[in-house]
Amino acid sequence: MMLPTATATAVFLTAAPSSFSTRRRRSRAIFASLSPSFSSSEEPLLVRAARGEDGLPRPPAWMMRQAGRYMAEYQALAKRHPSFRERSENTDLIVEITLQPWRAFAPDGVILFSDILTPLPAIGVPFDISDSKGPVIQSPVRSKEQVRELVPIDLDMLQFVGESLKILRNEIDGKAALLGFVGAPWTIATYIVEGGMTNTYTNIKSMCHTAPDVLKGLLSHLAQAISDYIIYQVNSGAQCIQIFDSWGGQLPPHVWEQWSKPYIKQIVSRIKKECPNVPLVLYINGNGGLLERMKNTGADVIGLDWTVDMTDGRRRLGNGISVQGNVDPAFLFSPLPVLTDEIHRVVKAAGPKGHILNLGCTSENTRRSCSTFL
């Protein structure tokens, strides 16, 4: 199997801050010459890799947070529309931001520009986003009464997501996979209980012991809502869904087993019944101690962060499941031969099938991980 050095390097190298315009032109040419073209009737390479198909010409490559702060086009658009909520809840802006990196670099995956908290108002949890504090939830949910006040997800409030996916699917026209994404129940619950970002997770971790029934009720409600939201994304055109349990790695493995895994399994089980052909990717920050447990959720692909050696990750997961990752974004600032060698190493370690080349983002804050480099 040929290694995708030129293709993957083009994707990753264009994220480096210097010589952007020259590298963008070069990457377009590289992708045009090396990336296989897909008709609208064929399944994209990324979807086939997620399923672990044999005989693919190369691993597909894309980057989490592709629409990053490094792109001049994005920076100009953000100046005109400084509100993140506006950028992520306006169909025209969502489509434009989502397509910016695809038009520039033609990666194998095009991920919807959105946020894991986007569906919260649709279940009765309003929130704001502060430039300095990030997400802010004025009334954290910490009681049975507040959980009972939550409502089934109102998908009519999320029409901008469905409309955007439909437009994007037509724009991409089979040349790449269209990805949707959601937050896992534990991660979403963390924001809802804490009221926003946290470095200690004090309230939600305490709730595991002081108010377990409240937390179970909240997580169950979120699992149902997130399942509905995934199905909505799929029906609107998403071909693959990534589940972000961003804060799952903040739990000891046995606690994650109790408070996160069952609700992820509930989601996966339902999606497998209602959308059996749509692969699910599960990603957790700091997942080195959770790999075997993640495999048992039923997800099709396990994302590895950069703290896990790909060889070790593949050994622990086996060859019966696909993997995604896991180049350290810091390599984007390395000399080209160093980056090339690292891409070779990761691809070789991942094995001849079931690998989606990506960055292995991890940090205390998802928004500061890949976006630090992008």
Side-chain angles (χ1 to χ4, degrees), residues 3-18 20 23-24 27 30-31 45-46 49-50 58-71 74 98 100-102 104-113 116 176-177 179 181 240 242-246 249 281-288 291 294 301-314 322-336 338-350 354-374:
L3 300 178
T5 305
T7 300
T9 300
V11 176
F12 293 164
L13 188 59
T14 47
S18 60
F20 173 81
R23 288 170 177 167
R24 181 174 66 178
S27 72
I30 290 172
F31 269 109
L45 185 64
L46 187 149
R58 59 175 176 83
W62 70 285
M63 292 189 299
M64 288 189 277
R65 294 190 61 79
Q66 285 178 151
R69 292 176 292 184
Y70 70 98
M71 293 191 71
Y74 179 81
T98 301
Q100 283 177 351
W102 185 67
F105 316 127
D108 296 298
V110 177
I111 190 165
L112 177 74
F113 182 79
I116 61 173
L179 293 96
F181 70 93
C240 182
Q242 181 147 314
I243 301 172
F244 287 92
D245 195 7
S246 304
V281 183
L282 177 59
Y283 178 78
I284 300 176
N285 285 336
N287 61 9
L291 293 186
M294 292 172 68
V301 184
I302 301 300
L304 303 180
D305 70 29
W306 74 64
T307 65
V308 179
D309 182 79
M310 180 59 80
T311 300
D312 184 51
R314 178 54 90 183
S322 295
V323 293
Q324 179 173 272
N326 67 341
V327 175
D328 183 345
F331 275 94
L332 299 176
F333 296 108
S334 302
L336 177 57
V338 175
L339 174 59
T340 301
D341 287 346
E342 177 63 8
I343 292 170
H344 273 280
R345 186 192 69 80
V346 169
V347 171
K348 181 178 180 180
H355 178 216
I356 300 169
L357 184 63
N358 206 315
L359 301 178
C361 297
T362 182
S363 83
E364 65 179 10
N365 185 328
T366 300
R367 290 179 176 81
R368 296 172 189 163
S369 56
C370 286
S371 58
T372 300
F373 301 96
L374 305 185

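Keep in mind it's a predicted model, so treat the numbers as computed, not measured. Both backbone and side-chain heavy atoms feed into the values below; hydrogens, waters and symmetry mates do not. Position 1 is the first residue of the sequence; numbering continues from there.
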[Y] backbone acceptor or donor facing [X] side chain under 3.5 Å:
{"X": "S322", "Y": "A50", "result": "yes"}
{"X": "H344", "Y": "L339", "result": "no"}
{"X": "N326", "Y": "V308", "result": "yes"}

Measuring from [X]:[atom1] to [Y]:[atom2], what's the distance to the nearest 0.5 Å?
{"X": "F244", "Y": "I284", "atom1": "CZ", "atom2": "CD1", "answer": "12.0 Å"}
{"X": "R345", "Y": "F331", "atom1": "CZ", "atom2": "CZ", "answer": "7.0 Å"}
{"X": "L282", "Y": "N287", "atom1": "CG", "atom2": "CG", "answer": "8.5 Å"}
{"X": "L304", "Y": "R314", "atom1": "CG", "atom2": "CZ", "answer": "8.5 Å"}
{"X": "N358", "Y": "D305", "atom1": "CG", "atom2": "CG", "answer": "12.0 Å"}
{"X": "E342", "Y": "M310", "atom1": "CD", "atom2": "CE", "answer": "9.5 Å"}

Please name the pair of heavy atoms, one in [X] and one in [Y], separated by the smallest distance, quoted to 0.1 Å.
{"X": "G109", "Y": "L46", "value": "CA-CD1, 3.9 Å"}
{"X": "Q242", "Y": "Q324", "value": "OE1-NE2, 3.0 Å"}
{"X": "W102", "Y": "A176", "value": "NE1-CB, 3.6 Å"}
{"X": "W306", "Y": "G360", "value": "CE3-O, 2.6 Å"}

Legend entry - Side-chain touch M63/P107, heavy atoms, less than 4.5 angstrom: no

Close side-chain approach of L45 and R58, heavy atoms under 4.5 Å:
yes

*Starting from the C-alpha separation in whole Å, work towards a yes-or-no answer on side-chain contact (heavy atoms from CB on, under 4.5 Å) for V346 and H355.*
CA-CA 10 Å; V346 169; H355 178 216; 4.0 Å; yes

Paired with C240, the side-chain contact (heavy atoms from CB on, under 4.5 Å) test is passed by just one of L179, I111, I356, namely L179

Only one of V323, V281, I243 passes side-chain contact (heavy atoms from CB on, under 4.5 Å) with V301, and that residue is V281

Sequence neighbours excluded, the answer for side chain to side chain contact (heavy atoms under 4.5 Å, CB included) partners of D341 is none

